[in-house]
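Report on one structure; see the data block that follows.
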Amino acid sequence: VTAMNTAITSKAAGIAVALIDSKAFNDPIKRATAAGIPVVSYNADVPDSGRLNYIGQDLFASGQAMGQRIATLLPAGSKIAIFIATPGSLNIQPRADGAIAALKAANKGYQVKQIATGADESGEQTAIDAFYVGNKDYKGFFAVDAGSTQGVGNVFKKYGLTESKGFFGGGYDLLATTISAIQAGTINFTIDQSAYQQGFQPVISLYMYLLSGTLVSPPFVDTGLKFVTKENVAPYTKAANRFEGSSKSQLYIKA
C-alpha cells in the first residue's frame with residue numbers, strides 16, 4: 001500500500017498491483033482513479049475495488065483443479081495437509097479454499113487440514129518438517145505457494161517419502177528446487193500459473209489504454225494453469241530463457 005501511495009504521489013502513468021487484501025487497496029485505487037491514473041490488478045484480485053481489470057489465475061478454480069488431481073492420487077479416508085504461507089492472503093487463500101472444497105466434493109472421506117507455514121522460505125520448510133514429524137499418519141502434503149511447495153519437496157527428500165511408500169506431494173510454481181523434485185519423482189506435480197504473463201500483460205494493457213486515449217480497455221486475462229509432472233517437466237529443466245528463469249536469451253520460432 002505504501003508503494004502504491006508513492007506511485008500515486010509521483011504521478012505514475014499507470015499502476016498494476018496485486019490486490020492481496022480485500023480492503024487495504026480500495027482507497028488508494030479511488031485516489032489513483034481520481035488523479036487520472038489507471039489501475040489494473042494482477043496475481044490477486046478484488047473485483048469491487050475499482051480496478052479496471054484483472055490479469056491472473058482464477059485462483060479458486062485452480063485450487064479446485066489441484067484438489068481434483070489430489071483425489072486421483074490418494075485413497076479414500078486419507079489424511080491430507082494443505083500448506084499455506086500466509087492464510088487470508090488473496091493470492092493464495094482462494095487456492096486452498098478451492099482445493100479443500102474439491103476434496104470434500106470427491107466424497108471419499110478425506111481428512112483435510114490447512115497449516116500455516118509463514119512467508120520466509122526457510123521457516124516454511126521448518127514448519128512442514130515439524131508437521132510431518134508430529135503427524136506421520138498424513139499421507140498427502142500439498143501447498144498453495146512457491147516456498148511451501150519447495151518445502152514439501154525438500155521434506156520428502158529428507159525423509160525418503162515416496163509414492164511407493166504411500167506419500168504424495170505437490171503444489172505451485174517453478175522454483176528450481178521444485179523443478180528438480182518433479183524431475184526426480186520426489187513430488188507428483190507443481191502448477192505453472194504463467195507468472196511471466198502476469199507481469200507482461202498488465203504493462204501492455206495499461207500502455208494500450210493510455211495510447212488509445214482510454215478507448216482500448218484493459219482486458220480480463222485468465223493466465224490459466226498447467227500441471228507440471230515428471231512426464232512434461234523436461235523443457236523446464238533446460239537452459240533458462242527470458243520467459244522462464246533469469247536468462248536474457250530469447251527463443252525464436254524456427255522455419
Side-chain angles (χ1 to χ4, degrees), residues 1-9 11-69 82 84-105 114 116 119 142-146 148 171-173 191-227:
V1 172
T2 299
M4 186 171 179
N5 287 334
T6 299
I8 296 169
T9 301
K11 299 180 181 180
I15 295 173
V17 57
L19 300 179
I20 60 171
D21 184 88
S22 62
K23 297 180 180 179
F25 295 90
N26 291 356
D27 183 62
I29 290 174
K30 288 179 181 178
R31 289 190 291 105
T33 301
I37 303 171
V39 179
V40 298
S41 64
Y42 71 97
N43 191 252
D45 188 36
V46 179
D48 60 357
S49 63
R51 54 74 173 146
L52 289 173
N53 228 323
Y54 170 64
I55 295 94
Q57 274 193 333
D58 182 329
L59 296 165
F60 185 83
S62 80
Q64 286 181 304
M66 183 174 81
Q68 291 163 0
R69 189 159 190 119
I82 303 293
I84 180 170
T86 47
S89 183
L90 294 185
N91 61 330
I92 50 179
Q93 185 65 57
R95 292 173 175 170
D97 294 342
I100 292 168
L103 289 168
K104 182 178 180 180
Q114 177 177 295
F142 299 91
V144 294
D145 61 273
S148 296
Y172 280 81
D173 295 327
I191 293 174
D192 179 357
Q193 63 173 315
S194 196
Y196 187 93
Q197 291 279 17
Q198 292 183 25
F200 184 82
Q201 291 293 343
V203 177
I204 294 299
S205 296
L206 287 168
Y207 176 75
M208 292 303 299
Y209 183 75
L210 294 166
L211 184 68
S212 68
T214 76
L215 294 179
V216 179
S217 298
F220 171 83
V221 180
D222 184 349
T223 59
L225 78 161
K226 178 167 66 176
F227 282 95

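This is a predicted model, so every value here is computed, not measured. Any value given below was found using the heavy atoms of this structure, including those in side chains, with hydrogens, waters and symmetry copies removed.
Residues meeting the salt bridge (Lys or Arg N to Asp or Glu O under 4.0 Å) test with Asp45, sequence neighbours left out: Arg51. Residues forming a side-chain contact (heavy atoms from CB on, under 4.5 Å) with Ala146 (at least two apart in sequence, or on another chain): Asp173, Leu175. With sequence neighbours left out, the side-chain contact (heavy atoms from CB on, under 4.5 Å) criterion links Asn91 to Ile20, Asn43, Ala44, Ser89.
Annotation: side chain of Ser148 is not in contact with side chain of Ile84 (no heavy-atom distance under 4.5 Å). Side-chain contact between Tyr209 and Val216 is absent, with no heavy atoms from C-beta onward closer than 4.5 Å. The shortest distance between side-chain heavy atoms of Phe25 and Val17 falls below 4.5 Å. At a threshold of 4.5 Å between non-hydrogen side-chain atoms, the residues Asn53 and Ser217 do not count as touching. Using a 4.5 Å heavy-atom threshold, the side chains of Ile29 and Met4 count as touching. The side-chain heavy atoms of Tyr54 and Val40, taken from C-beta on, include no pair separated by under 4.5 Å. Taking 4.5 Å as the limit, some side-chain heavy atom of Tyr172 sits within range of a side-chain heavy atom of Ser62. Looking only at side-chain heavy atoms (C-beta outward), Gln198 and Gln193 come within less than 4.5 Å of each other.
Looking at Thr223 and Gln197, their side chains never bring a donor and an acceptor atom within 3.5 Å of each other.
A distance of 4.5 Å separates CD1 in Ile8 from CZ in Arg31, rounded to the nearest 0.5 Å. The distance from atom CG of Asp97 to atom CG of Leu59, rounded to the nearest 0.5 Å, is 10.5 Å. In this structure, the separation between CZ on Phe220 and CD1 on Ile55 is 9.0 Å, given to the nearest 0.5 Å. Here the straight-line distance linking atom CE of Met66 with atom CD1 of Ile82 works out to 4.5 Å at 0.5 Å rounding. Atom CD1 of Ile37 and atom CG of Leu206 lie 11.0 Å apart (nearest 0.5 Å). Put simply, CD on Gln201 and OG on Ser194 are 8.5 Å apart, with the number rounded to the nearest 0.5 Å.
Without hydrogens or angle criteria, Gln64 side chain to Ala99 main chain gives no donor-acceptor distance under 3.5 Å.
Across every non-hydrogen atom of Ala85 and Asp145, the tightest pair is N-OD1, 2.9 Å. Considering every non-hydrogen atom in both Pro202 and Tyr42, the closest pair reads CG-CB, 3.9 Å. The heavy-atom pair separating Pro28 from Ala24 by the smallest distance is CD-O, 3.6 Å.
In this structure, Phe200 places its CZ atom where only 12 or fewer heavy-atom neighbours from other residues, nucleotides or ligands lie under 6.0 Å away.
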